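What follows is a short report on a single structure.
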Amino acid sequence: MKDFKIGGKVTINKDESYIIIDIIKINNKIYYLCSTNKKPITPKVFEREEEGEKVFIKFVEDKEILKQIAEKVLEKNE
Amino acid sequence: MENNDMSDDELLKKIINERNNKKKLDKSKSHKKQNVYSKSKKDKISSAITKTPKKNYKSKRLTEPKKRGLLKRYIMQAKWRYHSYDLLEKDFDDGYITYRDIQKSKQASKRKDRILYKEVQEYEDARDDITARKAYRAFKIGLGTTLLASTLALSSMLSKKIQEDSLSKQTAEMDETLLDESLMEEDSIYDDNKVLKERAINKIKNSIKEKDGYEFDNLSLNELINNYDKILAYEERMSEHTFEKALLGFEDQELLESILNNSIGEEYGNSSDKQKRDYKQLAFELLSYAFPEIDINQYIRNPIVVDALKAKESSESLGYEIKTIVNNDEEETLRYLGKIMHTEHLYENSILSINKQENDLLDNIINLALGEDYRKMTDEEKRDYKQFAYEFLSQDFKDLYVKNPNENANINVENENNESFNIKTENEIKEDKIFNVGTQTIEIKDDDGNIQILE
């Protein structure tokens with residue numbers, strides 16, 4: 001099973017790749033806080049889902065989840 | 001004459017006796033003096049501590065002790081500390097003050113003559129008070145230590161008791177909470193508390209997952225928490241007659257929609273098609289919670305069944321008939337289909353799962369969803385599920401990554417003259433990149449090479 005670490009690179013296409021900045025766990029779900037690899041630098045959040053031995057990753061757009069992740073990140077920094 | 005009358009021997013004896021008596025008297029006098037004055041100050045104090053005051057007065061003191069007030073005693077102690085009695089003490093030690101002098105002073109008629117007695121008495125009182133204070137201090141220290149020890153013991157005992165009480169109270173509270181929660185677990189679907197609501201919806205989700213293999217992939221947990229109790233509350237107000245009516249009019253799915261419109265109307269209206277599908281499933285599943293004594297499956301079809309029937313129709317129109325029976329009673333089939341739907345959702349929404357090199361993506365999806373069960377199936381069953389999986393996928397995904405398992409699915413098109421053309425299969429068309437799902441444009445070539453475009 002694929003294991004992602006902080007600082008790791010997630011490549012989707014040749015022109016689209018992200019770097020994992022933080023790994024956050026909320027409600028037994030794992031989220032990856034990433035930033036784009038190239039300029040303009042923008043943050044992105046991915047959600048990890050597992051089915052059998054396969055790992056799926058999808059973009060998170062749910063505002064409430066994004067808010068929770070932001071709060072967690074701030075808590076960590078404090 | 002008398003001396004003359006006595007014999008020489010007698011006279012000698014008399015003289016010797018007198019001399020001896022004188023010596024004895026001198027000795028006793030000197031001994032007395034030594035007893036009173038020769039001892040050092042330290043010896044006096046130490047002996048005063050060990051002896052009782054009465055004995056002390058008789059043996060050591062030259063004056064009688066006087067009862068004094070506390071303030072006066074303090075003043076005397078201060079004098080003692082500042083060496084005010086040192087001169088008197090020196091006279092005392094050197095033997096200038098004798099017992100006879102003291103007695104004379106005591107019995108003197110004039111006031112000025114009595115001063116010596118008073119001074120000595122004050123000195124002796126001050127000296128003896130030191131010893132008394134020492135004893136009193138020792139007593140005080142002893143008493144304080146005892147009090148402190150007893151206070152500590154008492155406080156530790158009390159604190160222990162308080163701790164035990166609070167712990168037992170806390171445990172009791174925790175037990176009560178656990179008890180409450182365990183009791184609430186059954187009926188917590190009505191609770192306003194978000195945590196309990198979350199637990200309730202998770203419980204519902206898990207039971208649906210086990211029963212139908214369906215997961216609410218398109219609804220967030222918050223959406224489920226906010227809406228499930230509204231749907232449930234509305235369903236509880238419904239009568240059994242409503243189900244019968246729905247069954248007779250073949251409007252079971254319409255009934256689910258009306259439930260959603262009446263309970264969470266605005267939110268349901270603003271939802272996407274996939275979310276609406278999830279809400280429909282939720283409304284269907286919650287009916288069995290609202291009417292635990294009624295078998296809902298007899299009145300309303302599971303939305304998975306409806307999806308499967310649509311897939312069957314679609315497949316049949318493309319030339320392949322799915323023979324697997326799908327209805328509310330086929331629980332295993334429904335569970336398989338639900339699992340396939342969930343796995344397809346993962347594939348469709350994942351950015352990593354899209355592996356263009358996967359040759360038979362459908363096989364992979366079903367394998368992942370059903371696991372061992374899929375491998376045990378017969379070829380016919382496998383084929384049916386493949387077709388189901390294909391039909392459940394979104395059109396965009398199909399176009400990009402999946403081939404129709406029905407290789408011989410032909411598209412029969414009639415032209416304006418009602419002539420039928422046996423054209424390329426769907427896959428062939430896709431390979432030629434002339435099949436665009438977005439606009440549903442199909443380029444068709446007839447036998448003469450004329451091109452027709454269907455939209």
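Since we're looking at a predicted model, the values are computed, not measured. Chain naming here is simple, since letters A, B, ... match the order of the sequence lines and numbering starts at 1 in each.
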field: Proximal component of B:Glu223, with respect to chain A [non-hydrogen, under 4.5 Å]
entry: neither

- prompt: So, are B:Lys211 and B:Glu285 salt-bridged, with charged N and O less than 4.0 Å apart?
  reply: yes

query: Is it true that B:Lys205 and B:Glu215 have a side-chain N and a carboxylate O under 4.0 angstrom from each other?
result: no

- request: Check B:Ala311 against B:Ile322 and note the closest heavy-atom contact, atom names and distance.
  value: O-CD1, 4.3 Å

message: Under a 4.5 Å cutoff for heavy-atom pairs, which residue among B:Thr343, B:Asn367, B:Asn222 has the most contacts with chain A?
response: B:Asn222

- request: With a 4.5 angstrom heavy-atom cut-off, could you sort out which part of A:Glu51 is near chain B: side chain, backbone, both or neither?
  value: both

- request: Verify the distance criterion only: is there a donor paired with an acceptor across the side chains of B:Tyr214 and B:Asp278 at less than 3.5 Å?
  value: yes

